[in-house]
Amino acid sequence: MVRQEEPEKSTKMTVSEKEVYEYSSPVTPRRAMFESQRKSVKESGRTRNPASENLMETELGRERYTRSLPMNCPKQCYAMVGLPARGKSYIAHRLARYLNWIGTKSKVFNVGQYRRELVGVNMSYDYYDPFNTTGAQSRRMVASHVLDTIIEWFKEDPDNAVAILDATNTTRDRRDLILERCPPEGIQVMFIESVLDDTFIEERNIREHKLRCPDYQGCDPDDAFNDFSKRIENYKKAYETLCLNLDRELSFIRVSNITQFHINNLLGTVQSKSAYFLMNIRPHTKTTLYLSRHGESQFNELAKIGGDTNLTDNGVRYAKKLGKFLQENNLTDIPVWTSIMKRTIETCSHLPNQNVQRYKCLNEIDAGRCDGLTYKEIEETYPEEFALRDLDKYNYRYPQGESYQDVCCRLEPIIMDLEKQDQVLLICHQAVLRCIVGYFLNLSTDEIPYIKIPLHTVIKITPVAYGCEKEEISFGVESSVTHRDKQTQESIERRLLALDISHGDSSFVSHEDMNGHSENNNIISDHVIKT
């Protein structure tokens, strides 16, 4: 599937927009920093593709690999804002997980962890009193150290894209420190404030998460709760919330009680997609997922990929055992989401659940011209394609087919819906489940294509703290093994060298390419996958 790059939207302001823009505060250091950020959106460029840079310069490389990041993607620092126990760390980790999954390399920098390393643990609530000069200087020192670490992180790898500063940042003075350090380094800044007025949820957050941190290890729970509550009161003394009157020139998202969002001056695709994600998550919903491939299909038995075949006898036996498992665990009322392919529909026909929903976006990865072949047949008939896929399996796109990144793109609406569910059973396919498991376990794009998703096994994903746990439940029904291990870099390079792939053309590419166009019409080279 070919996706054309969307044309840039016009940046011309209407008269009313121009009046508002000019009416706001005169040029200040903060406004100068904001203008610097706007300029960086236009001037920044793509870094490098995860595939071999030499190969990417060839026509074949441009055709076979999807891009993992959009063009003109500047470095970003997302700075959390808010009182303790307001869900900032939860939001930070969930957002980082999502951004990593869509190919935007991200990392959370928790200031509390750095403070414990630099200053120590068991800091009393007095340490956080804004009128405690020694404590204030110490906390500012830690904040400066973390900003230094973030800047160095961006320099370590040009693909590092978003640093999430997980801290309170409750005063304008502290937020100005971030604005003073980041824009001069070419790093855009966006603030994400979490406001929570529900005292019940606040107390639950303290008892479930904060009392388990190293600061309170070995302490009496009630004493620890009282100390942390006093820490919050100290933060409230100097808390300055983000507001449009004073912070009009900043980029920020203000989340109030998880349901209301104030969005101001977002810059670029990555910030917009971050806002889209935040508006879809439900922090107080703990989704338990049950994931399963269809029962063994006829193509599985023949070691062929793709196709739309029926189940084998073993596949039917598994489907019946899966139905029994759902009955024994009182899961007959949960919704079942499946693809529109025969093998998943036939598997669902043996389940007691009535709420079955079919989604085309849950179909298996499209293998294009390789559909219906075994891996051995692909290697013998199309050795170049076989080697190229091993080189970068996540970004490699089958001729006339899809890449793993294409699958992630079409799964994004499903991920957003899963974030809002309590319990769901997904019955779909190996590549699709790899992408979904990779999202919930926060795995890298290098790991996703090699996650083991065996047939006739239920995978249970359970949320814990800021991540998820994975459990495998096997029913002992015999099945084919469809997993193929990752090849060593040395063996891949030897095969590429033997095929002279950097200078030759793929056996798929001739005077007439797969879509019937001339070889000069590159069907992928101008393609930018959304992230």
Shortest non-hydrogen contact between [X] and [Y], atoms and distance:
X: Tyr396; Y: Ser403; answer: O-CB, 2.9 Å
X: Gly368; Y: Asp366; answer: N-OD1, 2.9 Å
X: Leu165; Y: Val111; answer: CD1-CG2, 3.6 Å
X: Val336; Y: Cys348; answer: CG1-SG, 4.0 Å
X: Ile473; Y: Phe475; answer: CG2-CE2, 3.7 Å
X: Tyr375; Y: Tyr398; answer: CE2-OH, 4.5 Å

Inter-residue atom distance [X].[atom1] - [Y].[atom2], 0.5 Å rounding:
X: Ile334; Y: Tyr290; atom1: CD1; atom2: OH; result: 6.5 Å
X: Thr482; Y: His429; atom1: OG1; atom2: NE2; result: 12.5 Å
X: Asn160; Y: Trp153; atom1: CG; atom2: CH2; result: 4.0 Å
X: Thr269; Y: Tyr276; atom1: OG1; atom2: OH; result: 14.0 Å
X: Arg293; Y: Leu433; atom1: CZ; atom2: CG; result: 8.0 Å
X: Ile448; Y: Lys393; atom1: CD1; atom2: NZ; result: 12.0 Å

Do the side chain of [X] and the main chain of [Y] share a donor and acceptor less than 3.5 angstrom apart?
X: Arg410; Y: Cys361; answer: yes
X: Thr347; Y: Ile345; answer: no
X: Arg434; Y: Pro449; answer: yes
X: Glu346; Y: Lys342; answer: no
X: Glu493; Y: Ser491; answer: no
X: Thr149; Y: His145; answer: yes
X: Thr104; Y: Ile102; answer: no
X: Thr344; Y: Cys428; answer: no
X: Thr332; Y: Pro352; answer: no
X: His456; Y: Glu478; answer: yes

Thr462 and Glu471: CA distance, side-chain angles, deciding distance, side-chain contact (heavy atoms from CB on, under 4.5 Å) verdict: CA-CA 8 Å; Thr462 307; Glu471 176 188 357; 5.6 Å; no
Criterion side chain to side chain donor-acceptor pair (under 3.5 Å) on Tyr78 and Ser274, from CA distance to verdict: CA-CA 10 Å; Tyr78 292 175; Ser274 299; 2.9 Å; yes
Report, as yes or no, whether the 6.0 Å neighbourhood of atom [atom1] on [X] holds more than 12 heavy atoms from other residues, nucleotides or ligands.
X: Arg358; atom1: CZ; result: no
X: Asn329; atom1: CG; result: yes
X: Glu156; atom1: CD; result: yes

Within a strict 4.5 Å, meaning less than it, do heavy atoms of the [X] and [Y] side chains meet?
X: Asp417; Y: Trp337; answer: yes
X: Lys452; Y: Asp485; answer: yes
X: Leu411; Y: Tyr439; answer: no
X: Leu95; Y: Ile192; answer: yes
X: Val432; Y: Ser339; answer: no
X: Thr288; Y: Pro463; answer: yes
X: Leu326; Y: Leu425; answer: yes
X: Leu322; Y: Ile427; answer: yes

Test side-chain contact (heavy atoms from CB on, under 4.5 Å) on Asp390 and Arg484 and set out the steps. CA-CA 10 Å; Asp390 281 344; Arg484 182 170 176 269; 2.7 Å; yes
Give me the ring orientation class for Phe109 and Tyr114: parallel if the planes are under 30° apart, tilted from 30 to 60°, perpendicular past 60°.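 Parallel, since the angle between the ring planes stays under 30°.
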Is it the case that [X] and [Y] place a side-chain donor and acceptor less than 3.5 Å from each other?
X: Tyr98; Y: Glu412; answer: yes
X: Gln188; Y: Ser251; answer: no
X: Glu296; Y: Thr312; answer: yes
X: Lys420; Y: Asn280; answer: yes
X: Ser292; Y: Tyr318; answer: yes

With side chain to side chain contact (heavy atoms under 4.5 Å, CB included) as the test, pick out the partner of Leu441 among Lys470, Arg97, Glu469, Glu447.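 It is Lys470, the one option of Lys470, Arg97, Glu469, Glu447 that forms the side chain to side chain contact (heavy atoms under 4.5 Å, CB included) with Leu441.
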Kindly determine whether Leu351 and Val356 satisfy side-chain contact (heavy atoms from CB on, under 4.5 Å), including the steps that lead there. CA-CA 10 Å; Leu351 306 183; Val356 178; 6.0 Å; no
Set out, in order, the CA-CA distance, both residues' side-chain angles and the distance that settles side-chain contact (heavy atoms from CB on, under 4.5 Å) for Met416 and Phe277, then state yes or no. CA-CA 7 Å; Met416 295 301 136; Phe277 174 77; 3.5 Å; yes
Under a 4.0 Å threshold between the charged nitrogen and the carboxylate oxygen, would Lys88 count as salt-bridged to Asp166?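 Salt bridge flag = no for Lys88 with Asp166.
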Salt bridge between Arg343 and Glu364, side-chain N to carboxylate O under 4.0 Å?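 No, this pair does not count.
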Quick check on side-chain hydrogen bond (donor to acceptor under 3.5 Å, both in side chains): which of Asp157, Thr445, Asp159 does Lys105 satisfy it with?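 Among the candidates, only Asp157 passes.
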